[in-house]
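Taking it in order: structure first as structure tokens, then the write-up.
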Amino acid sequence: MQSIERDVVVVGAGPSGLTAAHRLRQAGLRVAVLEARDRVGGRTWTDTIDGAMLEIGGQWVSPDQTALIALLDELGLRTFARYREGENIYLDAEGRPVRYCGETFPTSERTRAEMDKLIALLDELAAEIGPHEPWAHPRARELDTVSFHHWLRANSDDEEACANIGLFIAGGMLTKPAHAFSALQAILMAASAGSFSNLVDEDFILDKRVVGGMQQVSERLAEKLGDDVFLGNPVRTLHWPEGEEAGAPGRVRAVADGVAVDARFAVLAVPPNLYSRISYVPPLPRRQHQMHQHQSLGLVIKVHAVYDTPFWREEGLSGTCFGAGALVQEIYDNTNFEDPRGTLVAFVADEKADAVFELSAAERKAAILSSMAGYLGEKALNPVVYYESDWGSEEWTRGAYAASYDLGGLHRYGKDQLTPVGPILFSSSDLAAEGYQHVDGAVRMGEDTARRILDALGSPATATAASGAPAH
Ligand SMILES: Cc1cc2nc3c(=O)[nH]c(=O)nc-3n(C[C@H](O)[C@H](O)[C@H](O)COP(=O)(O)OP(=O)(O)OC[C@H]3O[C@@H](n4cnc5c(N)ncnc54)[C@H](O)[C@@H]3O)c2cc1C
Ligand SMILES: [Mg+2]
């Protein structure tokens, strides 16, 4: 076992950990990043499968994600717009495909009015509560103790409207059934994207992609860090000095499979559901023991189907499809930059994912392609490349896209989720305000965490950079 000494040890080489490490290194500190997998990038993962380059994990960039956009620029990465010409498809209450243009689903006028009412209500709450401290709002407890499912139905008696609005946050974002998380958690999701209206506008939230793939953000950061990134090194044990002031430098020792790092700070840049995979010596305090049992990952299958041509475009379709009641609830054109082939990406979330995972691989593929054909016709049945992500089976993630609190957890624990434990700090997209659950939030958290450490060390490099969250 190799033993080394650094100023900061970062656990996890996803976008959050690598951003933190990079900023700390730029400020002159010595860092080591310990990564469990044999690759960097975490929940961003660009791979070539049967000759097709696919984004197995996070990929889209929206215009408000300014921390990610600035980092892309700094790393010399370019973006391109998602294809969105032509008409979208909506599956109506009877499951029939209906073509439409713009943002407005082709529902009955009554359903439309009920959807508009719910969107306005959610926009108002998101603006008033904001993404930073939803737990501190006077209505936090009230909104955190009712499920999003029941909150919607308390505010509208139109089932189609409730199902459509529910889809955007439940299957579409938190990837848990709407009865499993609170209205406050849904409001945080909306506020983190600027508003609920932004979140339901696919041309905003799913605006651009990175040419060559999102994983390059992590790969380029890791290149700069060179030998200080240790792959294949899950951290098993973290020793920390009990009784030290929270957020102040101390003595930590992170023990991975092939290397042990002694440092003054440890940054846990892993999703919150994985904190408990590490043994802490001494154990973490009561509050963290409790809190970490209430943060769990959602589940979604991201399906790629590649065709010889983007056949839907020739039929005047954008490839964008929605159907709250269908097995596949969303489809988008996911054709790569300057690729003559056409790629669709389709999503199967939460309980529907559970159901298809009970089938054989062949039955699952047939069920998913048949659901896609329900929107786009028979041509969807025969892709030349077909791939289903399986993040739930990945030991170092265990779901997709991200972690959220169970019912009542956000107002109960949220205020302590970023409080350091001695010299241990927490950094994850799943703890972010702006960019919550997104790569942008991972980058913001990484930058905030680096700033807190530099502040605590009284580094002169922070005098100009210090504008964000103060160290606790
Ligand atoms: C299918 C899918 C689609 C998504 N789509 C989008 C999208 O379109 N746009 C968007 O912005 N976001 C998207 N996301 C979310 C985005 O990928 C994440 O928010 C982001 O990757 C989180 O970064 P992170 O660094 O906080 O955590 P992660 O990316 O999860 O990185 C954590 C790292 O820690 C490592 N690790 C875990 N435990 C240990 C340990 N004990 N020791 C050492 N290392 C450990 C893991 O291997 C991993 O590399 C998507 C995610 C998924 C799964
Ligand atoms: Mg990370």
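Fair warning: this is a prediction, and the values are worked out from it, not measured in the lab.
Pro63 has its side chain within reach of Phe204: a pair of non-hydrogen atoms, C-beta onward, lies under 4.5 Å apart. Two residues are said to be in side-chain contact when any heavy atoms from C-beta on lie closer than 4.5 Å; Thr111 and Met115 meet this criterion. Put simply, the side chain of Val267 does not reach to within 4.5 Å of the side chain of Val11, judged on heavy atoms. Here the side chains of Val303 and Val328 are not in contact, with every heavy-atom distance at 4.5 Å or above. With contacts defined as side-chain heavy-atom distances shorter than 4.5 Å, the pair Val200/Ile205 does not qualify. Contact annotation: the side chain of Leu54 never approaches that of Thr48 to less than 4.5 Å [non-hydrogen atoms, C-beta and beyond]. Counting heavy atoms from C-beta on, the side chains of Leu268 and Leu425 never come closer than 4.5 Å. Side chains of Phe322 and Tyr100 form a contact here, defined as non-hydrogen atoms less than 4.5 Å apart.
Defined by atom type and a distance below 3.5 Å, a donor-acceptor pair is missing between the side-chain atoms of His438 and Gln65. A donor-acceptor pair shorter than 3.5 Å cannot be found between the side chains of Ser156 and Asp158. Counted by atom type alone, Gln295 and Tyr275 present zero donor-acceptor pairs between their side chains at under 3.5 Å. Side-chain contact of Ser318 with Asn88: a donor-acceptor pair under 3.5 Å is present, judged by distance alone. In summary, the side chains of Thr19 and His22 do not present any donor paired with an acceptor at a separation below 3.5 Å, with no hydrogens or angles considered. The closest side-chain donor-acceptor pair between Asn273 and Ser296, if any, does not fall under 3.5 angstrom. Tyr401 and Gln437 share no donor-acceptor pair across their side chains, judged by distance under 3.5 Å alone. A side-chain donor from one of Ser360 and Glu363 sits under 3.5 Å from a side-chain acceptor of the other. Under the 3.5 Å distance criterion, with hydrogens and angles disregarded, no donor-acceptor pair is assigned to the side chains of Glu55 and Asn336. Counting only N and O atoms by type, the side chains of Glu330 and Tyr332 include a donor and acceptor under 3.5 Å apart.
At a threshold of 4.0 Å, the pair Arg78-Asp73 does not count as salt-bridged, since none of the basic side-chain nitrogens sits closer than that to a carboxylate oxygen. Under 4.0 Å is where a charged nitrogen must lie from a carboxylate oxygen, and between Arg412 and Asp144 no such pair does. Ionic pairing of Arg444 and Asp440 is present here: one or more N-O contacts between side-chain nitrogen and carboxylate oxygen are shorter than 4.0 angstrom. Taking the charged nitrogens against the carboxylate oxygens, Asp430 and Arg43 do have a contact shorter than 4.0 Å, which makes a salt bridge. Using a 4.0 Å cut-off between a side-chain N of Lys or Arg and a carboxylate O of Asp or Glu, Arg153 and Glu159 qualify as a salt bridge. Between Glu142 and Arg139 there is a salt bridge, since a side-chain N of the basic residue sits under 4.0 Å from a carboxylate O of the acidic one. The pair Asp333-Arg313 meets the salt-bridge criterion, with a side-chain N (NZ, NE, NH1 or NH2) lying under 4.0 Å from an Asp/Glu carboxylate O. With respect to the salt-bridge test (charged N to carboxylate O, under 4.0 angstrom), the residues Glu388 and Lys365 do not qualify. A salt bridge links Arg23 to Glu74: at least one charged side-chain nitrogen sits closer than 4.0 Å to a carboxylate oxygen.
With rounding to the nearest 0.5 Å, the separation of CD in Gln329 from OG1 in Thr175 is 9.0 Å. Summarising the geometry, atom CG belonging to Leu317 is positioned 4.5 Å from atom CD1 belonging to Ile89; distances are rounded to the nearest 0.5 Å. A distance of 11.0 Å separates CD1 in Ile169 from OG in Ser404, rounded to the nearest 0.5 Å. The OG1 atom of Thr107 sits 6.0 Å away from atom OH of Tyr90, with the distance rounded to the nearest 0.5 Å. Here Ile301 contributes atom CD1 and Ile368 contributes atom CD1; the two are 5.0 Å apart, rounded to the nearest 0.5 Å. Rounding to the nearest 0.5 Å places CG of Asp406 at 8.0 Å from OH of Tyr413.
Between His411 and Trp135 the shortest heavy-atom distance is CA-CB, 3.8 Å. Across all their heavy atoms, Thr397 and Leu274 have their closest contact at N-CD1, 3.9 Å. Between Arg84 and Arg82 the shortest heavy-atom distance is NE-O, 3.1 Å. Nearest heavy-atom pair across Ala190 and Leu199 is CA-CD2, 4.1 Å. Contact detail for Val33 and Ala13: the closest heavy-atom pair is CG1-CB, 3.8 Å. Contact detail for Pro15 and Gly41: the closest heavy-atom pair is CD-O, 3.5 Å.
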For the pair Asp123 and Ser197, evaluate side chain to side chain donor-acceptor pair (under 3.5 Å) and give the outcome as yes or no after the intermediate values. CA-CA 7 Å; Asp123 272 346; Ser197 293; 2.4 Å; yes
Report the C-alpha distance between Glu315 and Lys379 in whole Å, list the side-chain angles of each, state the deciding distance to 0.1 Å, and finish with yes or no for salt bridge (charged side-chain N to carboxylate O under 4.0 Å, His left out). CA-CA 11 Å; Glu315 295 163 19; Lys379 286 183 186 158; 3.2 Å; yes
Val10/Leu34 under side-chain contact (heavy atoms from CB on, under 4.5 Å): CA gap, chis, key distance, verdict: CA-CA 6 Å; Val10 176; Leu34 303 182; over 6 Å; no
Trp396 vs Trp391, test: ring-ring contact (aromatic ring centres under 6.0 Å, His included). Steps then yes/no. CA-CA 9 Å; Trp396 302 107; Trp391 289 93; over 10 Å; no
Step by step, work out the side chain to side chain donor-acceptor pair (under 3.5 Å) result for Ser427 and Ser16. CA-CA 6 Å; Ser427 187; Ser16 197; 2.8 Å; yes
Step-by-step side-chain contact (heavy atoms from CB on, under 4.5 Å) determination, Glu35 to Phe230: CA-CA 6 Å; Glu35 168 55 47; Phe230 296 80; over 6 Å; no
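Taking the six-membered ring for Trp and thresholds of 30 and 60 degrees, Phe168 and Phe196 have ring planes more than 60 degrees apart, a perpendicular arrangement.
Tested against Tyr307, the residues Val385, Val384, Leu344, Thr335 include a single side chain to side chain contact (heavy atoms under 4.5 Å, CB included) partner, Leu344.
Cation-pi geometry between Arg112 and Phe105 is not met: the NZ or CZ atom fails to fall both under 6.0 Å from the ring centre and inside 45° of the normal. Both the sub-6.0 Å distance and the 45° axial angle are not jointly satisfied by Arg209 relative to the ring of Trp60.
For Gln215 (side chain) and Thr46 (main-chain N/O), a donor-acceptor pair under 3.5 Å exists by modelled atom type. In this structure, the side chain of Lys352 does not engage the main chain of Phe347 through any donor-acceptor pair within 3.5 Å. With hydrogens and angles disregarded, no donor-acceptor distance shorter than 3.5 Å links the side chain of Lys224 to the backbone of Arg25. The backbone N or O of Glu114 lies less than 3.5 Å from no partner atom in the side chain of Asp116, so there is not a single donor-acceptor pair. Counting only distance, with no hydrogens or angles, the side chain of Gln216 and the backbone of Val211 share a donor-acceptor pair below 3.5 Å.
Glu395 CD: more than 12 foreign heavy atoms inside a 6.0 Å radius. Sparse packing is recorded around CZ of Arg141, with 12 or fewer heavy atoms of other residues, nucleotides or ligands lying under 6.0 Å away.
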